[in-house]
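Here the structure is a predicted model, which means the values were calculated and not measured.
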Amino acid sequence: MLRKLIISSAVVAGVLTSNLCAAADQDAVKVLYAGSLVNVMERSVGPAFEKETGLSFQGYAAGSGKIANEIKGRLRRGDVFISASPKVNASLSGEANGDHVSWFVTFAESPLVIGYNPRSRFAADFKSKRWDQVLQEPGIRVGRTDSKLDPKGALTIEMVNHAADLYHQSDLAEKTLGSIENPDQVLPEEALVGRLQAGQLDAGFFYSTETSDLKIPAIPLAPELAAKASYTLTVLNDAQNPAGANRFVSFLLSAQGRALLKQHGVEVITPKVSGNVLAVPAPLQALIDAAQ
């Protein structure tokens, strides 16, 4: 009898725990976002969203292309997807791509810059020489992201190739980046800042939101070389918590959400909808219209 009571109690406890976990999961909003936004999302937007709504924020940061591949391969599920490039959404749109995205809103930007460690032995050179000259100095350790998995990595390669033409240095990419997949430089986006701050890198290619938010010295690019992230957000079609996802998007596009982004060096722009406009939930469309 005692054994049966113990087993019965264990079963009841297991059911209660399962129900509590299911309820908690229903309140959670899973946000998959570009790794360049990790600081603003985890330290500012996420906590503020939880305080405002009572819902739980569960963030996952990585290169936008990497996240898109994981969504497409059904390796990761989420409710909201925030990318650093509108092009990434195309890989998730349409029946042939799994129909994960029907619409997206471009809501912010961040220019590409060269950030450097102020304790690096090359720091003084960044103040007195052009960035491309410093990046060619012997022994300098440079970091960037994978061009196949992250829009910032692709922008980096495009920008350096443009600089090669502008500065009449046909071998500039080879001397500063090496091969496209150079293992000595290419790192996951979410790890790049930490490696620079730890002194494992002397310099790297970042978005200005990363460098300004974390007080990393940065060199802006010449206007002729200007490149930038264009941040987009959408509610995924297979979101497990679409109501919570809509509340998160509404929060991020609200005056409070936009103010938090500005505080972290993100350049907020007038929201623009792309894709199937008719698929945008009415409350979100009203919020977007109000921001015009």
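Linking Ile, Leu, Val, Met, Phe, Trp and Tyr residues whenever their side-chain heavy atoms come within less than 4.5 Å places L284 and I82 in a single cluster. Hydrophobic clustering, with ILVMFWY side chains joined whenever heavy atoms are under 4.5 angstrom apart, keeps I114 apart from I216. When the side chains of ILVMFWY residues are joined at heavy-atom separations under 4.5 Å, either directly or via intervening members, F57 and L253 end up in a single hydrophobic cluster.
The pair E181-K148 counts as a salt bridge, with a side-chain nitrogen and a carboxylate oxygen less than 4.0 angstrom apart. The pair K66-E190 fails the salt-bridge criterion, with no side-chain N (NZ, NE, NH1 or NH2) lying under 4.0 Å from an Asp/Glu carboxylate O. A salt bridge links K129 with E137: at least one charged nitrogen is closer than 4.0 Å to a carboxylate oxygen.
Qualifying ring pair (Phe, Tyr, Trp, His ring centres under 6.0 Å) partners for F107, counting only residues two or more places apart in sequence or in other chains: none. For the side-chain contact (heavy atoms from CB on, under 4.5 Å) test, residues two or more places apart in sequence or in another chain that qualify with S208 are S110, P111, V113, T211. Applying the side-chain contact (heavy atoms from CB on, under 4.5 Å) rule to Q185 yields the partners V142, R144, L177, N182; only residues at least two apart in sequence or on another chain are considered.
The distance from atom OG of S44 to atom CG of N39, rounded to the nearest 0.5 Å, is 8.5 Å.
In this structure a side-chain-to-backbone donor-acceptor pair under 3.5 Å is present from N276 to L278. Using modelled atom types, one side-chain atom of S120 and one backbone atom of F122 make a donor-acceptor pair closer than 3.5 Å. Remark: side-chain polar atoms of Q58 are not paired, donor with acceptor, to backbone N or O of A28 under 3.5 angstrom. At distances below 3.5 Å, not a single donor-acceptor pair connects side-chain atoms of S102 with backbone N or O atoms of A279. Counting only distance, with no hydrogens or angles, the side chain of D150 and the backbone of D146 share no donor-acceptor pair below 3.5 Å. Proximity of a side-chain donor or acceptor of R247 to a complementary backbone N or O of V29 within less than 3.5 Å is not detected.
With ring centers used as reference points, Y116 lies under 6.0 Å from F126.
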Check the pair N89, T232 against side chain to side chain donor-acceptor pair (under 3.5 Å), reporting the backbone distance first and the verdict last. CA-CA 9 Å; N89 294 278; T232 71; 3.0 Å; yes
Could you go through the side chain to side chain contact (heavy atoms under 4.5 Å, CB included) check for T156 and S147 one step at a time?
CA-CA 8 Å; T156 295; S147 61; over 6 Å; no
L135 vs F205, side chain to side chain contact (heavy atoms under 4.5 Å, CB included): CA-CA, chis, key distance, verdict: CA-CA 11 Å; L135 294 189; F205 294 87; 3.7 Å; yes
(Q) Determine whether E50 and V45 satisfy the following criterion, side chain to side chain contact (heavy atoms under 4.5 Å, CB included), listing intermediate values before the conclusion. (A) CA-CA 9 Å; E50 292 183 333; V45 171; over 6 Å; no
Apply side chain to side chain contact (heavy atoms under 4.5 Å, CB included) to the pair L221 and W131, showing each step before the final yes or no. CA-CA 9 Å; L221 299 174; W131 64 268; 4.1 Å; yes
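Residues H264 and D213 have side chains that bring a donor and an acceptor to within less than 3.5 angstrom of each other.
Within the 4.5 Å cutoff, the side chain of L92 has no heavy atoms near those of the N237 side chain. Side chains of F206 and V193 form a contact here, defined as non-hydrogen atoms less than 4.5 Å apart. Residues V277 and Q285 form a side-chain contact, since some pair of their non-hydrogen atoms from C-beta on lies under 4.5 Å apart.
Residue pairs meeting the salt bridge (Lys or Arg N to Asp or Glu O under 4.0 Å) criterion with at least one partner in residues 77-89, sequence neighbours excluded, do not occur; the list is empty. Residues in residues 253-279 take part in no salt bridge (Lys or Arg N to Asp or Glu O under 4.0 Å) pair, two or more places apart or across chains. For residues 157-172, the set of pairs meeting the salt bridge (Lys or Arg N to Asp or Glu O under 4.0 Å) definition, not counting sequence neighbours, comprises D171-K175.
No option in D202, N117, D184 other than D202 meets the side chain to side chain donor-acceptor pair (under 3.5 Å) test with R141. Exactly one residue among V80, V280, V101 makes a side chain to side chain contact (heavy atoms under 4.5 Å, CB included) with T234. That residue is V101.
Taking every heavy atom of both residues into account, Y207 and Y231 meet most closely at CD1-OH, 3.5 Å. Nearest heavy-atom pair across A34 and I67 is N-CD1, 4.4 Å. Of all heavy-atom pairs spanning V266 and A108, the tightest one is CG1-CB, 3.4 Å. The shortest heavy-atom contact between A48 and L260 is CB-CD1, 3.6 Å. Listed here is the closest heavy atom pair of T145 and G153: OG1-N, 2.9 Å. Nearest heavy-atom pair, L155 versus A227, reported as atom, atom and distance to 0.1 Å: CD2-CB, 4.1 Å.
By the 6.0 Å contact criterion, CD on E174 is open, its count of non-hydrogen atoms from other residues, nucleotides or ligands being 12 or less.
Figure legend: K30 and Y60 shown without cation-pi pairing, the cationic atom not lying both under 6.0 angstrom from the six-membered ring centre and within 45 degrees of its axis.
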